[in-house]
Amino acid sequence: MPVPETAVPPSVDVPRLHDAVLDWFAVHARDLPWRSPDCPPWGVLVSEIMLQQTPVVRVLPRWHAWLERWPTPADLAAAPTADVLTAWDRLGYPRRALRLQEAARAIVERHGGEVPADPSALRALPGIGEYTAAAVSSFAFGLPETVVDTNVRRVIARAVGGQALPGRSLTRAEMRRAHALMPEDPDRAQAWNAGVMELGALVCTARSPACERCPLADACAWVAAGSPPPEQAPRGQAWAGTDRQVRGAVMAAVREHGRVAGDGLRAVVVAGGRLGAHRPGDAQWERCVAGLLADGLLARDDDGAFAFPS
DNA sequence: AAAGCGGGGCT
DNA sequence: AGCCCAGCTTT
């Protein structure tokens, strides 16, 4: 039986990290609406879903419109799905919009219309994984959950692990380390979660970190090692000519035109210009449309015309 | 563990 | 032309 690797090296002064991050956060935290004391848990939940793989600046206007239109889970649960997909606009990954509505319906049915505080109950909702469950529980309800997103992973990988970037996927060892770094006091735990994320978003960024402005620079294992470059080259994300581009163009066309005749959809999509020079072949076109129908993102009416599902 | 899934802005 | 972003689900 091998000796388990210690989650945090003994050389790391954990209380000092806490003070540094909490002091920095108290001064530099952005004034985001879902952090307001007036923001209900539903607003936090909506923000977390929208922020999955989508930057804050793009989420802000959609979030405000969303909360104004559907101020409670019951409001979203009762909305036509077509309206939900249209309001999602161009945030990307529109399946998130479907799942958010499914989650709202589950909240109405299983939780009396109130967003649950328990991470397990949150995790059981559609579209809510390990991160989002912990984030809502911590940020909306102040429970001392361990919140680990891409920002937290990067800050810990550098400051404690001495690595330039974390690996491709979140490991159990990383979760253990993040858990070991949590402050005991619940209020400080909540601020730590938000503060480390904010530090990763504003200072300890992926591409060109501003170490001269970082409150952890003196204690950072990566800086101490001379800030070596990342060992693992990132996996490139292809876009032009992919199914994702074609699916996105179809969604954009339906969003803009509403209902599109079945034999005209392809022409509308190509004319939309979102595909650039790419022209999908028959096989790709059929695959993408069939996929959107199967995903519940697209529907056909009795005349065979395409539209968002009602 | 890896692949699929959107879209835009920045280097 | 890449790379990145408050991930989740399925294989």
Side-chain angles (χ1 to χ4, degrees), chain A residues 29-30 32-35 43-63 85 88-100 102-103 122-140 145-155 164-172 174 178 193-202 204-209 230 232-255 272-276 284 287-288 291-292 294-298:
Chain A
R30 287 171 293 181
L32 300 173
W34 43 85
R35 286 183 184 154
V44 175
L45 174 52
V46 172
S47 81
E48 291 300 340
I49 300 296
M50 288 184 170
L51 287 164
Q52 291 169 0
Q53 298 288 280
T54 306
V56 168
V57 287
R58 280 175 53 202
V59 165
L60 278 170
R62 292 294 105 223
W63 183 88
L85 288 171
W88 193 256
D89 201 31
R90 295 180 306 202
L91 285 178
Y93 295 134
R95 297 200 280 214
R96 290 183 292 167
L98 290 186
R99 272 134 190 190
L100 180 54
E102 292 167 15
L122 288 162
R123 181 69 182 78
L125 297 172
I128 296 191
E130 194 78 25
Y131 160 76
T132 305
V136 172
S137 191
S138 174
F139 299 146
E145 296 302 307
T146 303
V147 177
V148 181
D149 78 325
T150 186
N151 291 305
V152 174
R153 291 188 67 204
R154 186 172 55 250
V155 171
L165 292 173
R168 293 201 207 288
S169 53
L170 177 63
T171 64
R172 299 302 297 263
E174 275 182 277
N193 283 331
V196 176
M197 284 178 64
E198 192 78 333
L199 190 61
L202 298 183
C204 191
T205 56
R207 204 68 79 84
S208 49
Q232 195 175 26
R235 172 105 58 201
Q237 222 184 162
W239 174 243
T242 61
D243 285 6
R244 287 155 79 164
Q245 187 192 23
V246 174
R247 287 169 56 108
V250 171
M251 292 296 287
V254 174
R255 197 185 309 122
R274 294 173 183 276
L275 293 175
Q284 185 184 32
R287 182 171 67 243
C288 288
L292 290 170
D295 290 343
L297 290 166
L298 204 59

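Convention: sequence-line order gives letters A, B, ...; per-chain numbering from 1. None of the values given here were measured: they were computed from a predicted structure.
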Whole Å only: how far is the [atom1] atom of [X] from the [atom2] atom of [N]?
X         : N      : atom1 : atom2 : value
Leu122(A) : dA6(C) : CG    : C1'   : 15 Å
Arg153(A) : dC5(C) : CZ    : P     : 10 Å
Leu165(A) : dC5(C) : CG    : C1'   : 14 Å
Asp149(A) : dC5(C) : CG    : P     : 9 Å
Arg35(A)  : dA6(C) : CZ    : P     : 11 Å
Leu125(A) : dT9(C) : CG    : P     : 10 Å
Asn151(A) : dC4(C) : CG    : P     : 13 Å

What integer number of Å spans the [atom1] atoms of [N] and [M]?
N       : M      : atom1 : answer
dC5(B)  : dA1(C) : P     : 23 Å
dC8(C)  : dG8(B) : P     : 23 Å
dT11(B) : dA6(C) : P     : 15 Å

Answer yes or no: is there a donor N or O on one side and an acceptor on the other, between the side chain of [X] and the main chain of [Y], under 3.5 Å?
X         : Y         : result
Ser137(A) : Ala134(A) : no
Gln245(A) : Arg274(A) : yes
Arg58(A)  : Arg90(A)  : yes
Arg154(A) : Gly200(A) : yes
Arg153(A) : Val148(A) : no
Arg96(A)  : Gln52(A)  : yes
Gln284(A) : Gly241(A) : yes

Across the strands shown, which category fits [X] at heavy-atom distances under 4.0 angstrom: base, sugar-phosphate, nothing?
X         : answer
Arg30(A)  : base
Leu170(A) : nothing
Trp88(A)  : nothing
Thr205(A) : nothing
Ala135(A) : nothing

Within a radius of less than 6.0 Å around CD of Glu102(A), do more than 12 heavy atoms belonging to other residues, nucleotides or ligands occur?
-> yes
Got a sec: does the CZ of Arg30(A) have more than 12 other heavy atoms crowding it under 6.0 Å?
-> yes
So what's the dot-bracket for DNA chain B: Watson-Crick or G-U pairs under 3.5 Å, [ ] if a pair crosses, | if it pairs off-strand?
-> |||||.|||||
When every non-hydrogen atom of Trp34(A) is compared with those of Val44(A), the smallest separation belongs to O-CG2, 3.7 Å
Protein-proximity profile, nucleotides 5-11 of chain B, B/S/- by nucleotide at the 4.0 Å heavy-atom cutoff, equals BBBS---
Name the residue closer to the 5' end of DNA chain C, choosing between Arg123(A) and Phe139(A) according to the nucleotide with the nearest heavy atom.
-> Phe139(A)
